[in-house]
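The structure appears right after this line, and notes come after that.
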Amino acid sequence: MNRLKYKGYIGSVEISDEDNCLYGEVLDLPKDTMITYEGNTVAELKEDFMGAIDDYLTHCEEHNIKPRKSYNGSINIRISPETHYQLARLAQTAGLSINAFVKNILNKQVQAML
């Protein structure tokens, strides 16, 4: 799936057959924050996307609001040294890095909960 990226924000790219245009929205923002954009060409879409982000950041600055960002797919967690050791052993046994092992576990758990 195509994505636009600008200043730490990630946006979707959609096609409207009905309106014969491209459109999208900034992804992974809280429900109370929606940023959309559109264009007739890819260049126009990118320009409107960047303009929408810049407008949002200006609005936040003018109103002393902390801007929200798209999730970037990276999290930091604190675990006990014992759990870290056990994860390392399990990952090694599975032939994976700790990151790949934890990613697999989290993906399976999230899918099971949806």
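Bear in mind that the values here come from a model prediction, so they are computed numbers and not experimental data.
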Any link between [X] and [Y] through a network of hydrophobic side chains (Ile, Leu, Val, Met, Phe, Trp, Tyr) touching at under 4.5 Å?
X    : Y    : result
V42  : I15  : yes
M113 : L106 : no
I105 : I75  : yes
L96  : Y85  : no

Starting at [atom1] of [X], measure out to [atom2] of [Y] and round the result to the nearest 0.5 Å.
X   : Y    : atom1 : atom2 : result
N40 : Y23  : CG    : OH    : 14.0 Å
E62 : N64  : CD    : CG    : 11.5 Å
F49 : K5   : CZ    : NZ    : 10.0 Å
N99 : L87  : CG    : CG    : 11.0 Å
E47 : T41  : CD    : OG1   : 8.5 Å
S97 : K103 : OG    : NZ    : 9.0 Å

I want to check something: taking the side chain as every heavy atom from C-beta on, are [X] and [Y] in contact at a cut-off of under 4.5 Å?
X    : Y    : result
R3   : S12  : yes
E44  : L22  : no
N104 : V102 : no
L45  : V13  : yes

Is it true that, when you exclude [X] itself, more than 12 heavy atoms of the residues, nucleotides or ligands shown sit nearer than 6.0 Å to its [atom1]?
X    : atom1 : answer
N107 : CG    : yes
I65  : CD1   : yes
N76  : CG    : no

Taking [X] for the side chain and [Y] for the main chain, is one N or O donor matched with an acceptor at less than 3.5 Å?
X   : Y   : answer
T93 : R89 : yes
T33 : L29 : no
T36 : G24 : no
D48 : Y37 : no
H59 : D55 : no
Y56 : R68 : yes
Q92 : A88 : no

Exercise: identify the closest heavy-atom pair between [X] and [Y]:
X   : Y    : value
P67 : Y9   : CB-OH, 3.6 Å
A91 : F101 : CB-CB, 3.6 Å
K46 : L4   : CG-CD2, 3.8 Å
L57 : K7   : CD1-CD, 3.9 Å

Exercise for the section: Decide side-chain contact (heavy atoms from CB on, under 4.5 Å) for D54 and Y6; before the verdict, give the C-alpha distance in whole Å, the side-chain angles of both, and the deciding distance to 0.1 Å. Expected result: CA-CA 10 Å; D54 289 339; Y6 180 65; 3.1 Å; yes
Problem - Pair V26-M34, side-chain contact (heavy atoms from CB on, under 4.5 Å): steps then yes or no - result: CA-CA 7 Å; V26 175; M34 180 179 270; over 6 Å; no
